[in-house]
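Structure, as structure tokens:
Just so we're clear, the structure is a prediction, and the values are computed from it rather than from any experiment.
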Amino acid sequence: QVQLVESGGGLVQPGGSLRLSCAASGRDISISAVHWYRQAPGEERERVATISSRGNTIYADSVKGRFTISRDSIKNTVYLQMNDLKPEDTAVYYCNAQAWAYAWGQGTQVTVSS
């Protein structure tokens, strides 16, 4: 079993930055692609970033150039650095490891508002 815990969310003004963390336990997630998703109220869950086991990254067009996904294999943690945040980035953010797709954390709330 793998457990994922997201953290780092909060309230930030437009143009601000946050770094989200996805800490894993129970399995070594460095062997798996890991995705960050977000879900705003009334919206479907959207995948915003992916990092492969080799470190290759993919971003949704809506966050490209502003968000950066990275991993620290020693800490078994994946990060999402979010810069130049916009009100439309407001959502609950979740991480998910592709090899254990059934495992979801509780998410972390990001609110971008002045």
Test item: Thr90 side-chain N/O and Val112 main-chain N/O as donor-acceptor pair under 3.5 Å: yes

Side-chain donor-acceptor pair present, Tyr37, Arg45, cut-off under 3.5 Å: no

Geometric class of the Phe67/Tyr93 ring pair [parallel <30°, tilted 30-60°, perpendicular >60°]: tilted

Ser62/Glu88 under side chain to side chain donor-acceptor pair (under 3.5 Å): CA gap, chis, key distance, verdict: CA-CA 9 Å; Ser62 57; Glu88 52 263 40; over 6 Å; no

Residues Asp89 and Lys86 bridged, charged N to O under 4.0 Å: no

Arg27 to Asn76 - nearest heavy-atom pair and separation: O-ND2, 2.8 Å

Heavy-atom pair of closest approach, residues Leu18 and Gly8: CD2-O, 3.8 Å

CA sep, side-chain torsions, deciding dist, call: Thr108, Val92, side chain to side chain contact (heavy atoms under 4.5 Å, CB included): CA-CA 5 Å; Thr108 186; Val92 179; 6.0 Å; no

Glu6 side-chain N/O to Cys95 backbone N/O, donor-acceptor pair under 3.5 Å: yes

Rounded distance (nearest 0.5 Å) linking atom NZ of Lys64 with atom CD1 of Ile58: 9.5 Å

Shortest non-hydrogen contact between Ala49 and Tyr59, atoms and distance: CB-CD2, 3.8 Å

The single option from Leu4, Val34, Val2 passing side chain to side chain contact (heavy atoms under 4.5 Å, CB included) against Trp100: Val2

Donor on one side chain, acceptor on other, Gln81 and Asn83, under 3.5 Å: yes

Heavy-atom pair of closest approach, residues Thr50 and Ala33: CG2-CB, 4.4 Å

